[in-house]
Structures are given as structure tokens and as C-alpha cells.
Number of protein chains: 2
Amino acid sequence: MTNAAITDLVAHGNSSARIAELLRAAILHGEYQPGQRLRQEDVAQRFGASRVPVREAFRTLEADGLVTLVANTGAWVSRLSLTECDEVYQTRERVEPLLLRYALPHIDEAHADRLEELAAQMQRTDGVEEFLRLDREFHLGSYEAAETTVLGDLVRRLWNTTQHYRRAFTLLLDEHATRVVHDEHHMLVGAIRAGDADDAERILAGHIRRTRLGLARHPEVFDLLP
Amino acid sequence: MTNAAITDLVAHGNSSARIAELLRAAILHGEYQPGQRLRQEDVAQRFGASRVPVREAFRTLEADGLVTLVANTGAWVSRLSLTECDEVYQTRERVEPLLLRYALPHIDEAHADRLEELAAQMQRTDGVEEFLRLDREFHLGSYEAAETTVLGDLVRRLWNTTQHYRRAFTLLLDEHATRVVHDEHHMLVGAIRAGDADDAERILAGHIRRTRLGLARHPEVFDLLP
DNA sequence: CTCCTTGATGTTGAATCCAATACAGCAACA
DNA sequence: TGTTGCTGTATTGGATTCAACATCAAGGAG
């Protein structure tokens, strides 16, 4: 979401749900960094509300894993350790292939074309932010057709918690690694087109696993973060 | 948690976290049924607090999947459809074996003995509530040693969302099905003792899958709920 | 010089009060 | 008779106000 879009929304009606949404976007966008303290008063002022709905928004984002609350003390943007990050990736490795399986039968030709186009765009871009956006759109886009309730939310949450670490990690990708990533994206589209759920699951699990192992080999990623 | 324990806690200091905890326990204990409306004023009175911390507790439980909030309208105890329930079980089938794998290397002899004892107790009991309590203690107990943060919470949440359905489903188990469940529990302890992660994963996944398929064969479970 | 106590200050947490919204019941009309 | 519009009431949502707690700095005792 762009900053202009955020500002637009501020003008409209107030609600803790709105604040949660905007604050989530702001955190994912990198406006607040992991470990940074969130003062109720500041956030309230920023969104033109009182502290009560802000506290409710904090509770929502806490459950999303984006904010860490400590009673009588304060709120911080969540900060994952290397092991926690690894844990999230291991979980994603198990869960996302299942979600893709749910989505598979509902992905039509046009949808697959769109995914392929995203993969191609990703290959052409140089910007890190652009890459992150496209990658997110590609993967979450491939799950979009799934008619699930809990599972979809769960996966989105896992993505959100690692957003900052994806950004830092992307900076460390060498040419070879990048090439493999792109190859896997195209293979994934192929399996999706063929409607081969087992194959798609295998490729996706491998894709996530590769990222996880890459992350484990580059613990310095965590030094790039504040 | 017993009702007495709940009442004890009411007397102590107030906080939205405390209310969330007590309300969670009350819902899981069956005091509030799926689909039942939760009025802020009622809950506030019950726990001797004002509506503000209750609203925060609602937000927490919403993220837990126990409460469903509709803006400007109200809060209800979450009610899962058959497909949603199936979805949760499919997710558990993927995720819990991973958590068990995390726990496995930290389970010592004494811990395994305790699990075996729980499995044996479960075999001896006739009461549904007792069975549910022991089953929960057995499985979550087997994960207890895992030094995880997100994954453990995630699994606990999945268990919570299906608590009412587990209760209803247990009532429908015939003698044969019950026997298979007990067998699998003992096989699981065996694999845990042997430290065989692959085998333990396989058994646990099958165990959860069997329950899921049983649930799918007995859609009348959902008629037992209000 | 170090460690503990003690107060000042800022921040969080909760209660009360007020506004806005949804809902039920009733009435008027086609 | 069924539908639509209106009004009163119950309930939720948010702002303000006040209390409780944590943090930090300064000062005093060992």
C-alpha cells in the first residue's frame, strides 16, 4: 500500500480495525522497524484517534505476530531471532503446499497467465522493493483461489511476520541463487497449469526450504536489521 | 481449569489479559457454546471489570479463532462449518508432526513414562470430559518439550478452535474406532521412545487423518451443537 | 566507590461518560 | 396482506479522565 493510500484512509471514519490495518501496512512497509517501540499516544495522534482503539489494534497485531506486548510496559514491533525465523520457514514449508493444493483446482488459464507474467516481471526487475512486492503477489496470488478460511489467514500471517527478514535476505542473493529462484517460479507455474498437485507441492516445499537454508547460511542478515 | 480456580482468579487484579484467559477457559470448558452471543456488559460484570478490557480480550480471542467479531454489531463464540473443521484438521496433520519433531530430542524417559501413563488412563476411563482432558494432555504434553515459539502457539490455537467439535465427535466413537485410537497412542509413545522422528511423524499424521476422515463421515456431529 | 532507596516523570491500564450504530416493534400505505 | 419507513431502545465504539505501574536519576548509607 502506498503512503498516499494510507493518508487517504486516515481522513475517513475511525475504528480500531482501520488502525490495525494501517499500522500493519506501515510495519510491513518498513516504516517501523523490528524492535522499535510503539507508544500508544504517538500512534493515536498519527491516526487521529484516542489511545483506546490503538490498544485494541495492538492486540490484533500481537496475534498477527507483528507486535509484541508487555503488560504495563509497552508495545514493540516484533523481532524474530534466527531460530524463530527458521521455525516460521519450516512451518511455511509444511503449510503452504497444502494451501496451494486447495487452490489448484480453482486456478484457471487466465489466472495462471497472470502468475507467469508476475514471474517474468520479477526476472526483469532490479529493485529490491519491487522484487519483494512481486514475489509476494506471485505466491499469495497463487493461493488466492483457495476457498479456505483459517488456512489462508494463517499463511498470510506467517508471511507478515517474516516480511522484514525477506527484505534483508533478498539483498544477499547472488546471481546463481536468483536464477534458481526464477526457475522454480516457472516450474511452479508449469505444475499448476498441469494441475499436478503432488508436483506443485514438491516444488513449492523445495522452494521454501531453499530459502530457509539460505537464511541459515547467512545469519548476518539479522545484523542488517536495527 | 476448574470453575473454582476461575472464581479464585476473579478476585485478583484486573487486566484484559486475565479476562482473555478466563474467557478462553470458559469457552473451552463449554460454558459458552458455539454461536452464542457475548455481550460486553455481561462479560464485564462476570469478571468484575468495565467493558474496555473486555473488548480487548475479545480482540485477543478473535485472533485465537475462538470469538467472531462483527463491527458495530457484536461478538459471538466462533462456530466452524464442517468444511472449516476439515480444514483445521488437514492443517494439524501437516503442522503437528513438525512440532513433534522439534520436541522429540528433548523428551526424556520420565517424560515418555508420563505420556504412556496418560495413554493408559485414557484407556481406562469412560467419561467423555475425562477422555478429552487426557487426550489433550497427552498430545499437547508430547509437544511440551519443543523449544519453539510460534509453532507451539499455532498448534495450541488450532486445538482450541476445534475443542467443541472434539467433544461432539468423541460421543460418536464406536468400540472399534476407540481401540484404534488407543493403539495409535501407544505406537506413538513407542516411536518417541525410540527417538524415530520419521516414524513418529507418520503415526501422528495418520492419527489426525483418521480423526478427520471420521469427522467427515459423521457430519451429524454438527447437529449436536447449538 | 558501589549499591540501595526514594522520589519525579512519563507511560500504560481501566472506569466513566458520551456518540453512533444496529435492531425490533409499530404504524402507515400500497 | 405484505412491505416500507419511522421511532425508541439496547448495544457497541471512542474520548476523556483518573489511577497504577515502570523507569530513571539523584542522593544517602555501607
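Just so we're clear, the structure is a prediction, and the values are computed from it rather than from any experiment. A note on names: the letters A, B, ... follow the listed sequences, proteins ahead of strands, and every chain is numbered from 1.
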Worksheet item: Roughly how many Å is it from CD in A:Q45 to P in C:dT11, rounded to a whole number?
Response: 12 Å
Under 3.5 Å, which donor-acceptor pairs do the side chains of residues 68-75 of chain B form with other protein atoms, sequence neighbours left out?
{"from": "B:T68", "atom 1": "OG1", "to": "B:S78", "atom 2": "OG", "distance (Å)": "2.9"}
{"from": "B:T73", "atom 1": "OG1", "to": "B:A71", "atom 2": "O", "distance (Å)": "3.0"}

Worksheet entry | Atom pair distance, as rounded to whole Å: CD1 in A:I19 and C1' in D:dG13 | 11 Å
Worksheet entry | For B:R212, all residues meeting salt bridge (Lys or Arg N to Asp or Glu O under 4.0 Å), sequence neighbours excluded | B:D86, B:E93
Fill in: A:Y32: side-chain hydrogen bond (donor to acceptor under 3.5 Å, both in side chains) partners, not counting sequence neighbours
A:R46
Discussion item. I'd like to compare against my own output: the B/S/- annotation of nucleotides 7-12 of chain D with a strict under-4.0 Å heavy-atom distance to protein.
Written reply: ----SB
Worksheet item: Got a sec, which residues hit side-chain hydrogen bond (donor to acceptor under 3.5 Å, both in side chains) with B:R59, two or more places apart in sequence or on another chain?
Response: A:S16, A:E56
Discussion item. Just the rounded figure in Å: distance from P of D:dC21 to CG of A:L69.
Written reply: 18 Å
Kindly list each side-chain donor-acceptor pair under 3.5 angstrom involving residues 144-151 of chain A, sequence neighbours excluded, with atom names and distances?
{"from": "A:E144", "atom 1": "OE1", "to": "A:R114", "atom 2": "NH2", "distance (Å)": "3.4"}
{"from": "A:T148", "atom 1": "OG1", "to": "A:G152", "atom 2": "N", "distance (Å)": "3.3"}
{"from": "A:T149", "atom 1": "OG1", "to": "B:E84", "atom 2": "OE2", "distance (Å)": "3.4"}

